[in-house]
Amino acid sequence: MKKLIISNWKMNPSSQKQATNLFNGLSRGLKKSNSKIEIVVCPPFPYLSIAKKSTAFKLGAQDCFWEDQGAFTGQVSLAMLKDLGVKYVICGHSEKRRFGEIDEDVNRKVRAVLGAKMTPILCVGENMEQRKNGQAFSVVEKQVKQGLKKIVKSQVSKVVIAYEPIWAISPNGPCLPDQALTMTLFLRKVVSKIGDKKTAKDIRVLYGGSINASNAKEYISSDFLSGLLVGSASLDTKEFVKITL
Ligand code: PEP
């Protein structure tokens with residue numbers, strides 16, 4: 001299976017002009033990229049409509065709402081995202097959880113994304129205090145179990161899990177490749193209990209946190225890691241393109 005590299009622009013850049021430049025730079029730069037890598041770009045909602053169709057990357061969204069339409073001020077539905085060509089949706093990013101998103105919301109989003117025949121990227125990860133207290137594994141286990149609740153076994157491998165330890169998100173600096181690998185293996189074990197061994201093997205598990213062009217290879221070369229989720233470094237087109245080479 002192709003490795004998957006996802007770019008998360010977070011709440012950047014601040015104008016359509018800058019976003020257009022980023023999209024154009026990516027379309028040009030990614031032509032040289034490794035064809036064995038699938039690339040997904042997740043800009044903020046307002047820029048989804050200015051992304052020209054590109055064979056170089058697929059479009060992703062940074063969030064969604066689980067209802068189809070109606071009186072839900074400020075929310076964005078999956079039908080709206082699908083209409084804009086979105087294929088992947090980030091669910092439960094720590095920067096959303098920090099402002100009150102709970103596992104139950106994340107699970108509703110994951111299920112709604114699957115229901116819309118799109119791919120959810122379920123983000124999990126512990127904070128530094130939890131790691132220091134020896135709770136890293138129990139925290140991510142709970143997030144994965146809750147995030148995948150009520151999903152039929154045959155659908156579980158369609159979810160992408162992104163392990164993003166909060167303490168490793170930039171500007172902090174990455175976790176060690178070994179730590180990412182250990183958690184990836186653990187996550188596959190958790191998934192094998194929810195689905196089965198094949199599901200645990202097939203499901204894509206990514207690492208995210210302070211990835212850049214100099215360190216990306218150390219992570220992506222592991223057979224157990226399916227790819228990367230890249231935040232800050234994805235705003236520098238040249239840097240991001242190098243990550244994908
Ligand atoms: C993220 O927040 O999803 C992320 C991976 O951030 P960064 O690469 O900037 O650490």
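Every number for a ligand or one of its atoms is a count from 1 in the order of the listing. Counting begins at 1 with the first residue of the sequence.
Taking a cut-off of under 4.0 Å to the non-hydrogen atoms of Gly209, the atoms of ligand 1 that pass are 5 (C), 10 (O). Counting atoms of ligand 1 from 1 in the listed order, those under 4.0 Å from a heavy atom of Asn8 are 3 (O). Of all atoms in ligand 1, numbered sequentially from 1 with element shown, those under 4.0 Å from a heavy atom of Ser232 are 7 (P), 8 (O), 9 (O). Numbered from 1 in the order shown, with element, the atoms of ligand 1 that lie under 4.0 Å from a heavy atom of Glu95 read 2 (O).
Under 3.5 Å, the side chains of Glu101 and His93 contain no donor-acceptor pair of N or O atoms. At a cut-off of 3.5 Å, with distance as the only test, a side-chain donor of Ser232 or Ser170 sits close to an acceptor on the other residue. Using modelled atom types, one finds no donor on one side chain facing an acceptor on the other under 3.5 Å when comparing Tyr163 with Gln179. Side chains of Ser27 and Asn24: a donor-acceptor N/O pair is absent below 3.5 angstrom, by distance only.
Put simply, the residue from Lys87, Lys58, Lys3 that forms a side chain to side chain donor-acceptor pair (under 3.5 Å) with Glu38 is Lys58.
Which of Gly173, Gly125, Gly231, Ser170 comes nearest to atom 10 (O) of ligand 1 through a heavy atom is settled by distance: it is Ser170.
Among all non-hydrogen protein atoms, the one lying nearest atom 2 (O) of ligand 1 is Lys10 NZ, 2.6 Å. If you check which protein heavy atom lies closest to atom 5 (C) of ligand 1, you get Glu164 OE2, 3.0 Å.
Heavy-atom distances between Ser210 and ligand 1 reach below 4.0 Å in at least one pair.
A 6.0 Å sphere centred on NZ of Lys217 holds more than 12 heavy atoms belonging to other residues, nucleotides or ligands.
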